[in-house]
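This report concerns only the one structure given below.
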Amino acid sequence: MEETQKKGNLVFAVNGERFELPSVDPSTTLLEFLRSETCFKSPKLGCGEGGCGACVVLISKYDPKFKKVEDFSVSSCLTLLCSLNGCSITTSEGLGNTRDGFHSIHERFAGFHASQCGFCTPGLCMSLFSALVNADKGNKPDPPPGFSRLTSSEAENAISGNLCRCTGYRPIADACKTFAADIDIEDLGFNSFWKKGDSKEIKVSKLPPYDPTKNFSTYPEFLKSESATNLDSSKYPWYSPVSIEELWSLLNFNVTVNRASFKLVVGNTGTGYYKETQRYDHYVDLRHIPELSIIKRDQTGIEVGATVTISKFISVLKEESNINLGSYGKLVSQKLADHMEKIASPFVRNSASVGGNLVMAQKNGFPSDIATLLLGLSATVSLMTSHGPENLTWEELLSRPPLESKTVLLSVCIPFKKDQSSHQTHSTFLFETYRAAPRPHGNALAYVNAAFQADVAHSKNGVLINNIHLAFGAYGTKHATRAKKVEEFLTGKLLSVHVLYEALKLVKLAVVPEDGTLHPEYRSSLAVSYVFEFLYPLTDVHSSISGGLLDGCISQGKKQTLLSSSKQVVEFSTEYSPVGEPLKKIQAAMQAAGEAVYVDDIPSPPNCLHGAFIYSTKPLVGIKGIQLEPNHLTDTTIITYKDIPTGGANVGAVSPFGSEPLFAEDLSRCAGDRIAFVVADSQRSADVAATTALIEYDTTNVDSPILTVEEAVEKSSFIQVPLSVQPAQIGDFSKGMAEADQKIHSAELRFGSEYHFYLEAQTALAIPDEDNCMVVYTSSQCPENAQSMIARCLGVPAHNIRVITRRLGGAFGGKFVKAMTVSTACALAAYKLRRPVRIYVNRNSDMIMTGGRHPMKVTYSVGFKSSGKITALHLDILINAGITVDMSPIIPSYLINTLKKYNWGALSFDIQLCKTNLTSKTIMRGPGEVQGSYIAEAIIEHVASLLSIEVDSVRNENAHTFESLKLFYGNIVAEGEYTLPSILDKLAVSSSFFQRSKMIEQFNQKNTWKKRGISRVPAVYHASQRPTPGKVSILQDGSIVVEVGGVEVGQGLWTKVRQMTAYALGSIESSWAEDLVEKVRVIQADTLSVVQGGPTNGSTTSESSCAAVKLCCNILVERLTPLKKQLQEKNGSVDWPTLILQAQKQSINLAANSYYVPEFLNYLTFGAAVSEVEIDVLTGETTILQSDVIYDCGQSLNPAVDLGQIEGSFVQGIGFFMNEEYLANEDGLMVSNSTWTYKIPTIDTIPQNFNVHLVNSGHHEQRVLSSKTSGEPPLFLAASVHCATRAAIRAAREQLKRWDKLDESVSEFYLDVPAILPVVKTQCGLDYAEKFLETLLARPPTCFK
C-alpha cells in the first residue's frame, strides 16, 4: 500500500516569497496568477500557446527522498497553478533587478545589444538560466573562471524555442555563448564590454562576473518541509491520486457523480494546441502515481510511464547504460532521443508528457512525432479502463475509436530485438527516423514524420530484406499509418534499384493526404524521399551500410552548432561625441530583468473590467444578432455601435486618407470585421465569451464578396490614390521597347500577405477621470491619432482624452492604424460602464484582425539588349488593399521608389488599389518597398535566365550611374553620396563572392542531393523625414527630462535622443558631454504634454526626434551660456550642477519646446548583401550558410543600435521571403493564426554565418549630424536569400537535365514568396528520387554524386 500523503493548502514560492492560497480556480495558469496577483510582471503573455517563450519561468521541485532539487523551464501560460504545490518559481526579476543589482545574464544581454523592444528578453533570460543551472549540476570538468559548464551548442539550443522579432537572434546567441566554457571569445560579436585589440584575457575579465558556486538558491529552505504535501481535495476540486487503484476509484465513482466533468492533468501543454473554453468540475493530477512515472531500459526494451515528460525520456535515452543494450537498443535509444529533441521547445518538453502526447494523437488526431516513432517500433501500451487493465499494441489502439474519458494510458513498451549471433546470416537491424518541418530544430509540426525499422541480411548477391516496418505520420491523416503493401512487397526480396523503384511507386499510393490537407503532393513526395534515403544505400548499386545512417551519395544531417562565428565591422565617428558612440540601449538590463513596464504590466485599477472583440467569420453578410453561451451571460456586457454616445461617431481609426468604423453596423464587410466588444471581469472570461459567441448572419440580399484582385477588377472595386502620392513614370516606354533586342511579355509575380508578429499583442487600458475626461494607456505608434479617434467616437473635445504610451513590445507598422481601434473600443466601454476597462488581444484574434502586409499581383513586360541591358519596363500591379483605405494609397509610390534601384531605361506602370472584402491591409516594415525591391530582382533574374548569362552581370549592366540615379530619383543625392557602387565592390571582396561562386559550381557538380546557390543583391531606400516635436527640461539637481513625439518601439529612439541631448547641451562646455548622458531621462509620450507627435514609422523618427531635441538644447544653451561666462569670470571654473542651481536662482527658463520641420524631406540610403544557401533536394529544406551585409548609415547616431536594426530587419526579411506562409480560408479569414501554423524565423533558420559591415560614409550636410536611417532597407536585402535559393534550385534542375529528365527550361521557373519547403521541393522536382533511379535503370550501375 502507498503511504498516505499529507493533505494541505496550495503552497509555493515565487522568487523566495511564500504564497499560500486557501482556495483557487484550478484552471488558473501560473502566468495568470503571476501577472494579476503578484508584482512579478517579467513573464509576458506572447501567445498563450507555449509557442513563443515570452512567459518562460524556472520551476524548482524538491525530492525529499533523494534530497535533490530539480530545476526546469516551463511555459507559465500553460502551467496550471495547482500543479505547482510545494514548488519554487523563479522569474527574471528574481535573478536580479535595478535595486539589488542585475544578474550577469541581464548585464551580458544588455552589453551584447541583445534586447531591442525587450518584450521577449525576460523569457530568453530564463531559458538560458535554466540551462545554466542544469549544466552546472552536471559532471563535466570545472569551467574556467567566469564561465559555466554549458557548451556553445547547449547555449544556442536553450533558446531555440524562444521567438524574437527584433534582433535577428545573432546578438542573443552571442550573449548566451559568453557563458559557454568551450567558446572562443574571439568568435563573439560586437559588444560594449571590450574594445578592438583587447587580449583574450582582458576580454574575459571585462565580462560581468558569473560564479556558479555563488549562485543563489532556486529552492528556499522553508519550502522543503511542505514539498511532500498534496492538495486537500475537500478545499480544491483537484485530486492527486497516489495509486492506480485510487485513480480507478476516483474516475469511476468520486469525480463522475452527477455527470460532473473532469480533466486528467500532467503538464497541461495540450491546451496550447486545443484551446479550452470549457470549465471542468474536477481536475485529476496523474503525476503522483509511481507506476505512471516509471522509466526502465534494459536489453529487452524500454518501458516508459505515461506521465514521464518528453525531456526526461530524452535524458534517460541519452544516458550511458550499465546494461548491455545491444547494438539495436543503442541505435533505437540514440535515434529516438535525437528525433524527440526536435519536438516542441525545451520549455514545453519539460512539462509535456509522453502519454499526453499519445492520447492527443489517438483521441484528437494530433500530428504527433512520438506516435509515429512508436508505430515504427511495434510498441505496446497498457491501459486502465473502467473494466480493468488492458494491454495491446499501439497500432491496435490507433485503429480504435477515441479513448473514453475514464480510460487512462498507463505506460508504453518499446521492444528491443536481440542481436543475431549466427555468423552465417550476417543479419543487421536498422532503424531510422525522419521529419521535415518549417523549422529544422523543432518548435514546428512536421509536414511528414516517419520511423523505419528493417531486418536485413547480407549475401554475395546483395542485401535481403527479411522484415521491414514503414510508419508515416503527420501527412494529413487522422493517425500515423504503416505502409503495409510496401512492407509486403519488400519482405523477402533482394534489394535492387528496380525493386526500390517499384517500392517507391507503392509508397506514393500508400501515403495519400486527406482532402483539404495543405501541400498534399509535397507530403507524398517526402514519404517517397524518406524511403529512398533509407533503402538506396542498401541497393546493389550502393551497398554501403553504417548503422542505418546513409553515407556516400546521401548524407544525413549531423548534429552541429546552429551558428558559426559572425563578424561585425562598425565604423563610427567621435566627431559629435557622445553621439556616434555605440552606447548600449537605455534600460536594456532592466528590460532583461522584466522591470520595463508595458501597457499590460500596469496594475489594474480597482473595479477594472476586461474586454475582447467579437469579430465576423464571414465576409459581406448581414448581422442579425449575437448570442453568448448561457454560462457567459452573467457578468458580461456587450458593447456595439449602438452604445456610441449621442454626439459621438462610429469611428475606430484614421489615416491621412480616411477613417474606418469601430464596429460593423448591420453588415459585416469582411471576415475579421469587428462586430462587438464583450466585457467581463477577467481577460480569460472575456476571451472565452468572445470565442464561444454565436453570431446570427443574414445572407439574403447581399452581393457575393470580392476576395481577389481579379474579382475587384471585374467589379471595378478600387480605392483612389490621391495625385499628391502618385509615383511618376520615367522615359518613353514605346521607344525603349523599340530599342530592345529581346522582350518578355506579360510575365507574372504574386505576393501573399505577412503578419507583423510583434511579441506584445495589441493592448490598451482606459480609465475614466473627472469632468468627463479619460486617461488611456495604449501600445500605439501614433498616440496623437488614438487621442483624436477616442474624442471623435465619444463626442468630447480632444483635451478630455489623455493618451500615454511609454514603450511598445514591437510594432513594425501594425500599431499605427490598427492600434487605434483597440484603444477606442476600450475607451467606449469604459465610458459606458464608468469603470476602467483594459484589453490584451489574444494572439489568434490579433492575427485575424490586424490585416498584415498587402498581397499583390504583378504583371510585367520588359525589353532588353543581348548584353542584358534593359531598355524598357512596364508593370501592371494589382494591390489587394482590403475593405478600408488605411495607409494603402502610399503603397504604389513606396513600391516604385525601391523598384527604381536599377536603370530600366524607360519605366511605366499602371497600379490599382483593389478594394476587397478582406480585413484592411496596413503598413508593415518596408511597406510596398520590400515587394518593389524584389520585383526588380525577379525581373533581372528572368532576363538573365532567358539570355543564359550570369545574373550578377545583368545586375551590373543595369546599375545606376550617378546621372541615371538623378533621372530616376530627382536631385536628392549629392555626387559623393552615391555609395552603392563602392559598397558592391567592397562586398565582393569581403564576402569572397566570385571565389565562392566558383566553389559552389564545383560543389554542385559533385553532389546529387544537396545543391548550393549564391546571390548578391543591392538596395536603394528612399527615406522621408517628417516634422517632430521635442521638449527638454532641466530640473533643480541638473538632471534632464526629455519628451519627443516619437515612440520607443525597440528601435533605440530613446538611446539616440539621450546621446543627442548630452551632445547638444554639452556644447556649453565640451568636457561635460560624456557625463551628461547619465543625467538624461527620456519619458513616455503624453498627448497632453507634447502635441503634434505624429506617427512613429518609416525608420526616420529617431533622427527627427534627435533634431527636435537639438533645437530645444540650442535654446537652452543660448540661455545658459552668458551665465556660464559670468560664473567663470567670477569663480574661475564652473560645473554643470552649479550652473543649473544659479540658473534657477536667476529665474532662467530651463524648459524649451521645439517643432522640427525638416528642410530636406527626402534622401537615399544604400546597402547590399550576399547570401549563400544549401538546399536538400529530397526534402526542400533550405539552410542559409552565410549572409554578408554592407550598409551605409551615413555617420551613425549609434552604431550599436543601427547594427541591431540591420540584423533584425534582415532576419525579418528572411521570414517574408522564406518562412511565413499566410493562409486564409475560402471566406478570406486567416487560418494560420497561431504560433502552431505561422512560423517567423527562429535561431535555427537565420544565417549560420552572419557578417555585417556598417559603413561610415562621412558628411551629409542635409542630414541630422550626417546620419541616415537603418530600420527598413536591410529587410529588402533578404531577397538575396531567396535569389540564392533560386540559384540552388537551378543547379538541381540542371542535374535533372543532365539525366534527360527535365522537359521544361532549367532556368525559367517561378519561385513563390515565401519559398517554404514544399515550394523549393516542387521546383527541384517532386519525383527527383524516382528520376534518379530511372537514370540508373537506363544506364550501367554507377553511384551518382
Side-chain angles (χ1 to χ4, degrees), residues 270 273 301-302 304 306 310 313-314 317 331-344 349 352-381 392-400 409 412-415 430-440 442-454 468-487 507 510-514 517 520 522-535 548 556 1179 1236 1317:
Y273 191 77
I302 304 165
V304 57
I310 297 172
F313 190 23
I314 293 168
L317 289 169
L331 176 68
V332 167
S333 297
Q334 177 214 325
K335 296 291 179 186
L336 280 179
D338 288 350
H339 190 110
M340 288 198 294
E341 281 187 320
K342 294 174 185 170
I343 296 171
R349 294 196 296 266
S353 65
V354 172
N357 184 288
L358 295 174
V359 170
M360 283 202 307
Q362 200 277 345
K363 286 176 81 164
N364 308 100
F366 177 71
S368 158
D369 281 78
I370 300 175
T372 308
L373 299 177
L374 295 186
L375 186 62
L377 287 165
S378 310
T380 58
V381 293
L392 67 165
T393 67
W394 174 236
E395 188 174 4
E396 286 169 335
L397 186 59
L398 283 178
S399 66
R400 288 189 181 181
L409 177 66
V412 177
C413 286
I414 300 167
L430 305 178
F431 178 64
E432 188 57 85
T433 76
Y434 301 88
R435 86 190 302 269
R439 293 174 181 151
N443 210 14
L445 295 173
Y447 287 107
V448 183
N449 52 43
F452 303 155
Q453 180 199 124
I468 189 164
H469 268 205
L470 303 172
F472 300 93
Y475 63 84
T477 179
K478 190 163 172 58
H479 296 131
T481 58
R482 274 176 55 193
K484 293 199 173 173
K485 285 188 176 168
V486 187
E487 293 170 3
V507 172
V511 180
V512 181
E514 292 173 3
T517 303
Y522 168 70
R523 291 174 195 256
S524 294
S525 168
L526 258 188
V528 170
S529 292
Y530 294 161
V531 175
F532 173 79
E533 281 196 55
F534 186 58
L535 293 178
Q556 283 284 80
T1179 64
W1236 289 92
L1317 279 73

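This is a predicted model, so every value here is computed, not measured.
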Sub-4.5 Å side-chain heavy-atom contact between [X] and [Y]:
{"X": "F366", "Y": "L445", "result": "yes"}
{"X": "F452", "Y": "V531", "result": "yes"}
{"X": "P367", "Y": "W1236", "result": "no"}
{"X": "L392", "Y": "R400", "result": "yes"}

Return the [atom1] to [atom2] distance between [X] and [Y], rounded to the nearest 0.5 Å.
{"X": "E432", "Y": "D338", "atom1": "CD", "atom2": "CG", "result": "9.0 Å"}
{"X": "L358", "Y": "K363", "atom1": "CG", "atom2": "NZ", "result": "13.0 Å"}
{"X": "I310", "Y": "N357", "atom1": "CD1", "atom2": "CG", "result": "5.0 Å"}
{"X": "L470", "Y": "K484", "atom1": "CG", "atom2": "NZ", "result": "12.0 Å"}
{"X": "C413", "Y": "L377", "atom1": "SG", "atom2": "CG", "result": "12.5 Å"}
{"X": "R349", "Y": "E341", "atom1": "CZ", "atom2": "CD", "result": "6.0 Å"}

Only one of I343, V304, L375 forms a side-chain contact (heavy atoms from CB on, under 4.5 Å) with I370, so which one is it?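 Among the candidates, only I343 passes.
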
Determine whether a donor-acceptor pair (N or O, by modelled atom type, separation under 3.5 Å) exists between the side chain of [X] and the backbone of [Y].
{"X": "T517", "Y": "P520", "result": "no"}
{"X": "W394", "Y": "V381", "result": "no"}
{"X": "R523", "Y": "V448", "result": "no"}
{"X": "T477", "Y": "G473", "result": "no"}
{"X": "H339", "Y": "T433", "result": "no"}

Give the minimum heavy-atom separation between [X] and [Y], together with the two atoms involved.
{"X": "S368", "Y": "N449", "value": "O-ND2, 3.3 Å"}
{"X": "E533", "Y": "T1179", "value": "OE2-CG2, 4.4 Å"}
{"X": "F431", "Y": "A451", "value": "CE1-CB, 4.1 Å"}
{"X": "L398", "Y": "A480", "value": "CD1-O, 3.8 Å"}
{"X": "I302", "Y": "F313", "value": "CG2-CE1, 3.8 Å"}

Tell me every residue that passes salt bridge (charged side-chain N to carboxylate O under 4.0 Å, His left out) with R435, counting only those two or more places apart in sequence or in another chain.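 R435 satisfies salt bridge (charged side-chain N to carboxylate O under 4.0 Å, His left out) with D369 only.
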
Non-neighbouring partners of K478 that pass salt bridge (charged side-chain N to carboxylate O under 4.0 Å, His left out), sequence neighbours left out: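 Result, salt bridge (charged side-chain N to carboxylate O under 4.0 Å, His left out) vs K478: none returned.
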
What pairs with [X] under side-chain contact (heavy atoms from CB on, under 4.5 Å), at least two apart in sequence or on another chain?
{"X": "K485", "value": "none"}
{"X": "A527", "value": "F472, V507, V511"}
{"X": "A444", "value": "A437, P438, R439, K1239"}
{"X": "H469", "value": "S378, Q453, R482, E487"}

With under 30° as parallel and over 60° as perpendicular, where do the rings of F534 and Y434 fit, or are they tilted in between?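 Aromatic pair F534/Y434 classed perpendicular.
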
Would L317 and M340 count as a side-chain contact (heavy atoms from CB on, under 4.5 Å) if you check the C-alpha gap in whole Å, the side-chain angles of each, and the deciding distance to 0.1 Å? CA-CA 10 Å; L317 289 169; M340 288 198 294; 3.5 Å; yes

